[in-house]
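Data block below; observations after.
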Amino acid sequence: MHFLLLFSRQGKLRLQKWFLPLPERERKKIVKDMTTMVLARKPRTCNFLHWRDLKIVYKRYASLYFCCGLENQDNELLALEILHRYVELLDKYFGNVCELDIIFNFEKAYFILDEFLMGGEIQETSKQSIAKSVEASDMLQETMEEYMSKPAF
Amino acid sequence: MPAPIRLRELIRTIRTARTQAEEREMIQKECAAIRSSFREEDNTYRCRNVAKLLYMHMLGYPAHFGQLECLKLIASQKFTDKRIGYLGAMLLLDERQDVHLLMTNCIKNDLNHSTQYVQGLALCTLGCMGSSEMCRDLAGEVEKLLKTSNSYLRKKAALCAVHVIRKVPELMEMFLPATKNLLSEKNHGVLHTSVVLLTEMCERSPDMLSHFRKLVPQLVRILKNLIMSGYSPEHDVSGISDPFLQVRILRLLRILGKGDDDSSEAMNDILAQVATNTETSKNVGNAILYETVLTIMDIKSESGLRVLAINILGRFLLNNDKNIRYVALTSLLKTVQTDHNAVQRHRSTIVDCLKDLDVSIKRRAMELSFALVNGNNIRGMMKELLYFLDSCDPDFKADCASGIFLAAEKYAPSKRWHIDTIMRVLTTAGSYVRDDSVPNLIQLITNSVEMHAYTVQRLYKALLDDISQQPLVQVASWCIGEYGDLLVSGQCEEEEPIQVTEDEVLDVLEGLLVSNLSTPVTRGYSLTAIMKLSTRFSSVNRIKKVVSIYGSSIDVELQQRAVEYNALFKKYDHMRPALLERMPIMEKTASNGPAEIVQTNGETESTILDTKHLPNITQPASQANDLLDLLGGNDVVPVIQTTVPTKPASAGGELLDLLGDLSLTGGPTPTPAPSVPMSQPPFLLDGLTSQPLFNDIAAGIPPMTAYNKNGLKIEFTFERSNPNPNIAVITIHATNSTEADMTDFVFQAAVPKTFQLQLLSPSSNVVPALNQGSVTQVIRVLNPQKVKHCEPRAHFASFCSSSLSICPETAQTLIRLVKLSKAE
């Protein structure tokens with residue numbers, strides 16, 4: 001996987017994870033291209049696209065589009081499962097996750113993603129295991145305020 | 001200094017902004033506050049400020065001034081700081097900045113931290129954005145962690161190692177020992193990342209690949225356990241146990257089994273098992289099947305297994321889920337070359353996919369359909385493809401049209417079918433076809449001699465319906481110009497001939513000229529077509545009128561053509577019939593590519609046809625232009641060089657060169673005379689190529705010595721060419737009585753404008769010494785109209801001496817040339 005993006009129906013970026021070193025300008029361009037292409041897709045079309053030499057897999061969950069760019073030998077159908085697994089993880093953590101959760105707690109969304117994927121590959125296939133690690137890390141955040149979800153920052 | 005506002009509050013505030021300008025204002029204010037806070041080196045709130053900065057960065061605002069702050073956060077002891085610091089590093093920093101190198105030490109320390117979550121953060125950051133230098137420095141640490149028993153760290157270390165190898169492939173060896181017992185882990189996370197690591201190593205190094213082949217049995221065992229094991233709540237996805245790991249193992253097996261018989265054999269069973277036992281009701285099962293199919297096709301599997309794989313793909317094609325159909329079409333496209341027959345069985349399903357609503361599926365189906373076309377199914381397939389062309393999106397039409405042309409060319413069952421198909425394409429998708437399809441079609445039509453009447457009739461009818469599709473209009477005008485006589489005479493065999501009068505045809509063509517829909521190129525075609533009809537129709541006056549009107553057209557191309565055609569009517573009317581004759585059958589050039597101009601540099605006599613190709617077909621007008629300017633040395637027009645030598649140097653040759661400076665000193669001094677390209681209309685002489693050049697009919701002209709000086713003697717012998725008595729064939733014999741060979745011997749000739757000249761290639765460039773041999777060369781001179789020169793001598797003398805300096809001897813020779821053409 002080269003990148004994973006989350007954006008809203010209006011094209012606002014909610015999360016961007018890059019697994020390749022790319023200059024800022026290039027990243028902005030890719031984000032723009034992805035949002036334009038994916039938002040232009042009609043409702044009942046398939047979830048796969050071709051863009052440059054990458055396979056783009058996207059899926060809409062409520063008001064958020066999850067979009068990732070794959071290399072040629074990656075399995076697109078499995079990518080759909082990966083996106084779904086990430087949504088499940090978010091859902092478990094936030095309890096019935098919605099877009100607002102991700103907007104206001106974007107750093108947590110990143111932390112969860114970093115326990116699930118690394119360098120574009122899956123690091124853990126067990127949902128419980130990931131949930132436990134994230135929980136434990138949260139515990140480590142020093143202040144009690146943090147743990148009581150009254151953020152220190 | 002009041003405490004900086006909290007992150008969530010900032011987010012809330014920014015979201016209340018109603019306009020972009022308002023948002024920008026808020027952000028600028030906050031950035032200023034953050035900047036001053038950074039300057040004050042405030043440790044307590046640094047974390048908060050950087051977090052806010054990251055939010056603003058996501059909205060698209062610059063955040064580079066926070067990069068150093070991220071480093072300070074990473075170096076902090078607080079876990080909160082480190083978490084945000086590493087996140088900021090991953091978002092704001094990349095290898096392009098020098099700053100990131102400063103992280104190396106921090107990461108190194110954190111890799112050895114006592115808390116595994118800190119170590120995890122460090123590994124994650126290194127594994128996501130570590131540069132090559134960082135990787136080199138820290139590879140040792142990663143390798144150490146790869147051997148730890150802590151599975152949390154082990155799995156992260158494995159993926160970090162993958163990144164290190166991608167960045168610095170030479171370090172791959174370093175990780176080899178640590179991989180020894182990776183696969184004996186129970187933890188799925190470690191297993192998964194280990195398989196990824198092994199895959200990466202095998203893909204990069206053939207040595208590693210052979211080394212790891214011994215792992216195949218172990219991998220097969222793991223896969224088997226996954227399939228056979230009962231429900232495992234931890235890894236279950238819709239009833240399948242850990243599909244991510246299964247897919248990854250299948251992928252590694254694919255790499256290990258490729259090209260290797262033993263490994264492939266060892267996997268046969270498990271692949272068959274996975275293929276038959278996997279639940280296909282949900283996407284996840286199909287993902288595994290997809291990977292299995294890819295693996296089966298890549299390794300050396302037995303044929304039964306391959307058929308099983310293709311059948312799975314065939315089933316995919318019937319699935320309701322679009323994604324699965326798409327994936328099936330993509331895979332079939334990959335396998336169609338190798339397993340053609342198996343894929344053919346699913347042809348009807350594939351063709352049905354052409355009617356799918358999804359654009360991506362349609363495109364894949366189209367590509368696959370073209371790959372499946374063969375001689376047996378061409379008629380049926382073409383019907384479907386033409387229907388598809390009718391209804392598909394404009395983006396597809398160009399590709400589809402090209403594909404149809406290609407397929408038609410390769411497998412056309414009959415000429416009529418071929419022409420019909422192309423016509424259908426032109427009428428439905430005319431504006432999307434490629435530019436070279438027009439000349440290709442014209443060539444095809446010309447070569448199907450028996451279909452001329454049919455073709456022109458159909459094209460005429462198509463023109464009556466619709467003149468907006470330019471390629472169709474161009475081909476139609478060309479055909480009407482060429483075969484208009486067939487159209488009017490109602491000679492069609494293939495279908496009911498229509499009754500058309502000459503005036504009706506001219507009406508149509510003139511309509512094209514004036515229509516707004518016609519492009520300039522099309523107008524050129526139709527003007528030329530009208531002109532050609534002047535020799536085929538009887539209503540010449542009408543044509544003359546049209547042509548003269550366009551002599552003052554604003555379009556330069558049209559104007560030029562019209563003016564020249566006018567000239568053809570007036571001064572050169574005698575040449576008109578010959579010029580506007582039917583085109584001969586053309587040599588087929590490579591299909592698909594643009595036709596090349598074949599320069600046959602005078603190899604044989606009958607090379608006249610092997611010459612000007614398609615550029616000429618569309619512009620016979622400019623050809624007429626050349627004829628009217630034989631001596632112009634027109635470099636722009638493709639020229640048949642039937643004379644071999646390009647070097648103008650001549651040794652001792654008397655050059656009948658009206659255009660160049662003549663130095664008549666004789667002797668082997670090279671004369672810098674320009675080589676005169678002889679432009680030659682192919683169709684003038686086309687009736688003659690099959691004729692022998694030399695025939696029994698004596699021309700009745702005695703041979704003569706044209707030149708005899710300084711040891712070089714040139715003799716002319718004359719003959720009349722059989723079919724066309726206006727052509728005189730002159731053979732020159734050059735002999736050399738000096739003691740030295742004359743090298744670089746070039747004979748060139750020029751004739752006055754009313755004549756046409758063709759120089760065939762000489763037998764050699766070297767005139768051997770002492771009369772030991774001779775150089776022969778054939779020249780053909782055409783006097784299209786037996787112009788009686790009443791005062792030939794005077795005419796030529798004055799012509800020669802006034803236009804160029806020429807010696808009387810040369811003039812004398814020319815006079816004789818004129819004489820012979822006059823003679824009967």
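Naming: A, B, ... by sequence-line order, numbering from 1 per chain.
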Practice prompt. State the CG-CG distance between Asn323(B) and Asn47(A), to the nearest 0.5 angstrom.
Written response: 4.0 Å
Practice prompt. Nearest 0.5 Å please: distance from the CZ atom of Arg83(B) over to the NZ atom of Lys108(A).
Written response: 8.0 Å
Worksheet item: So, Thr45(A) and Asp358(B): side-chain donor and acceptor under 3.5 Å apart, yes or no?
Response: no
Fill in: Validation row: Arg85(A), Val237(B) side chains within 4.5 angstrom (heavy atoms)
yes
Practice prompt. Examine whether an atom of Asp242(B) lies under 4.5 Å from a heavy atom of chain A, and if so say whether it belongs to the side chain, the backbone or both; otherwise answer neither.
Written response: side chain
Fill in: side-chain contact (heavy atoms from CB on, under 4.5 Å) assessment of Thr330(B) paired with Phe48(A)
CA-CA 11 Å; Thr330(B) 320; Phe48(A) 309 132; over 6 Å; no
Practice prompt. Sorted by first residue and then second, give each salt bridge (Lys or Arg N to Asp or Glu O under 4.0 Å) pair with at least one member in residues 117-126 of chain B; sequence neighbours left out.
Written response: none
Worksheet item: Is the closest side-chain heavy-atom distance between His163(B) and Glu121(A) below 4.5 Å?
Response: no
Worksheet item: Side chain, backbone, both or neither: which part of Asn187(B) has an atom under 4.5 Å from a heavy atom of chain A?
Response: side chain
Discussion item. Could you check whether Glu115(A) and Tyr117(B), counting side-chain N and O atoms only, form a donor-acceptor pair closer than 3.5 Å?
Written reply: no
Worksheet item: Are any of the side-chain nitrogens in Glu107(A) or Arg48(B) under 4.0 Å away from the carboxylate oxygens of its partner?
Response: no
Worksheet item: Given a strict heavy-atom distance threshold of 4.5 Å, which part of Lys12(A) is in contact with chain B: side chain, backbone, both, or neither?
Response: side chain
Discussion item. Using heavy-atom distances under 4.5 Å, tell me whether Leu100(A) contacts chain B through its side chain, its backbone, both, or neither.
Written reply: side chain
Discussion item. Within the structure provided, determine whether Phe104(A) and Leu7(B) are in side-chain contact (heavy-atom separation under 4.5 Å).
Written reply: no
Fill in: Atom pair CG/CG of Leu59(B) and Leu13(A) - distance to nearest 0.5 Å
8.5 Å
Discussion item. Could you check whether Glu81(A) and Asn283(B), counting side-chain N and O atoms only, form a donor-acceptor pair closer than 3.5 Å?
Written reply: yes
Response to the item:
dist His188(B):NE2 -> Ile122(A):CD1 (nearest 0.5 Å) comes out at 13.0 Å
Worksheet item: Heavy atoms, side chains only, cut-off 4.5 Å: are Phe244(B) and Ile82(A) in contact?
Response: yes
Discussion item. With a 4.5 Å cut-off on side-chain heavy atoms, are Ser360(B) and Arg41(A) touching?
Written reply: yes
Worksheet entry | Interatomic distance, Cys46(A) atom SG to Asp356(B) atom CG [nearest 0.5 angstrom] | 8.5 Å
Worksheet item: Is His235(B) reaching over with its side chain to a backbone N or O of Thr125(A), donor-acceptor style, under 3.5 angstrom?
Response: no
Item to complete: Please name the pair of heavy atoms, one in Gly127(B) and one in Met118(A), separated by the smallest distance, quoted to 0.1 Å.
Response: CA-SD, 4.2 Å
Worksheet item: Mind checking whether Glu124(A) and Lys156(B) have side chains closer than 4.5 Å, heavy atoms only?
Response: no
Practice prompt. Check whether any side-chain heavy atom of Leu91(B) lies under 4.5 Å from a side-chain heavy atom of Tyr110(A), and answer yes or no.
Written response: yes
Worksheet item: Among Leu117(A), Leu22(A), Ile130(A), Leu49(A), who wins on heavy-atom pairs under 4.5 Å with chain B?
Response: Leu22(A)
Worksheet item: Would you say the side chains of Glu234(B) and Ser126(A) form a donor-acceptor pair under 3.5 Å?
Response: yes
Practice prompt. Enter the distance from Asn75(A):CG to Glu291(B):CD here, rounded to the nearest 0.5 Å.
Written response: 4.5 Å
Fill in: Heavy-atom contact with chain A under 4.5 Å, split by part of Lys167(B)
side chain
Item to complete: Determine, stepwise, if the pair Asp74(A) / Arg251(B) fulfils salt bridge (charged side-chain N to carboxylate O under 4.0 Å, His left out).
Response: CA-CA 9 Å; Asp74(A) 291 333; Arg251(B) 193 158 143 186; 3.1 Å; yes
Worksheet item: Tyr152(B) versus Gln123(A): any side-chain heavy-atom pair under 4.5 Å?
Response: no
